[in-house]
Amino acid sequence: MKIANKQISAVSLVKEAFEKARQFAKYNVFVSLADEEKALKKAEEIDKKIATGEEVGPLAGVPYALKDNFLSKEGNTTASAKILEPFHSPIDSTTVKKLEEAGAIMIGRTNLDAFAQGSSTENSYFGPSHNAKDFDRVPGGSSGGSAAAVALDIVEFATGTDTGGSIRQPASFNGVYGFKPTYGTISRYGVVAMASSTDCIGFFTKNAEDMDLLMSICAGQDEKDLTTLPSFYNHEEQKYFVPEIAPKSAKIGIIKDFRNDSIDPEVQRVLDSQVEKLKSAGHQIVELDMPTLKYALAVYYIVVPAEVASNLSRYDGIRYGYRSEHAKNLSEVFGFSRNEGFMPENKRRIMIGNFVLSSGFYDAYFKKAEQARTLIIEEYQKAFEKCDYLLTPVSPSPAFKLGEKVSDPVAMYFEDVMSVPINLAGLPSLAYPAGESQDTKMPIGLQLIGQRRSDKSILDFAKYLAKELN
Ligand code: GLN
């Protein structure tokens, strides 16, 4: 991000980003492109300021892509769902506001699984996006458009949301960095809600340095989101939460329970080789038993649909976007609009969510799941008494073929087996490119997980890994 030192003009960068977006149109990365004239005008103003020595923000003139579940006054927000069409937001989300204040320029809104529900970006009303490295494969999901936009080098960074892996898995599938911060680090205000107790805002970048910069700009308490934590990211006090560690002597935890037959051998090989590198650089590897993690996927697919059912109840054919033309009375307005406006996966979750919350089933499913969630949280706390970071795969396999899993929801849910426990526990986790599959050459990411509020320390460790180890 080197505009302020005049190596390159903002106008030429923004122009190039729009050109590339058009050049890669067949990847279906964008739901809509921003108003090019307006974007260029913003860039011109930044170039003028730089020329006259005026102060500019830390992201001055940097083109970025916005996952289309962030509200912005520019253009329409769709969340890749028909039921929001057309929805023009009267407000900017806090993240958009902060990015724009820092000088970043939005190029387009990226495709996602409708309402961020999915692991492949195939559940989009606008059709699937494609993997940046192999057109026949999925880019991962739900933030597949954002990950591919960065991997195709259309933009410097993109926003994402991660409720159960939607930043980390597409980052891993496309060979870029994807960060899910500690729950509550970045405001969720103005982001279309999926599951409010695990939704997190984060980014895709090409390196850990840019991620650090974006975090320092966007993290912080927001009176409009009461779950945001008091600012810690930029504060020295963060050290209080982070074990005092020099990167040279870190203790890295490896989860034994994740070593099993359902993991693609290539993913295991990349993890093993990273572990060997860490060992020979003098780090300590700690093998951990974490038996409750095997319940995480089941817990997630009870808790999240319950919250989804509640959050999606506001789309009634009246207050937002789409209304069915076939409805003849009020009940049909609700029923037909929801039936025609939601994607099948949205409906599946609404059904499951209402089921697990209904009287008679609440105790057996939702309450049990929340109790198991507490055990998962405690298991991580115990793990971090023995190590500084955990290192695990992001998902069991590299990017799969388009169409391979879309009609098998359980196979698709299994994609999330190693990402969702982290959301249930609210922990920070960075997916970083760690290798590739030998036969298909598809990228394979690993995730570096820390305890709550160790976000900066994770990114610092990732900078070190990129410089010294990989
Ligand atoms: N793939 C997961 C799901 O479908 C995660 C989605 C997300 O993080 N938004 O629930």
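Residue numbers count from 1 along this sequence. Just follow the structure's listing: the first ligand is 1, and inside any ligand the first atom is 1.
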Original post:
Can you list the residues that meet the side chain to side chain donor-acceptor pair (under 3.5 Å) rule with Asn111, with sequence neighbours excluded?
Top reply: Ser80, Ser124, Ser129
Original post:
Is Ser419 reaching over with its side chain to a backbone N or O of Asp416, donor-acceptor style, under 3.5 angstrom?
Top reply: yes
**OP:** Could I get the full list of ring pair (Phe, Tyr, Trp, His ring centres under 6.0 Å) partners for Tyr413, not counting sequence neighbours?
**Re:** Tyr301
Pairs under 3.5 angstrom only: tabulate donor-acceptor contacts from the side chains of residues 356-368 to other protein residues two or more places apart or in another chain.
residue, atom, partner, partner atom, Å
Ser358, OG, Phe355, O, 2.6

Subject >> Those protein residues which place at least one heavy atom below 4.0 Å from ligand 1 >> reply: Ala116, Gln117, Gly118, Ser119, Ser142, Asp162, Thr163, Gly164, Gly165, Ser166, Met194, Tyr300, Tyr301, Arg349, Asp416
**OP:** Carefully, step by step, assess Tyr64 and Phe203 under the rule side-chain contact (heavy atoms from CB on, under 4.5 Å).
**Re:** CA-CA 10 Å; Tyr64 78 100; Phe203 303 99; over 6 Å; no
**OP:** Determine the interplanar angle of the Tyr315 and Phe115 rings, folded into 0 to 90°, and report it as parallel if under 30°, tilted if 30 to 60°, perpendicular if over 60°.
**Re:** tilted
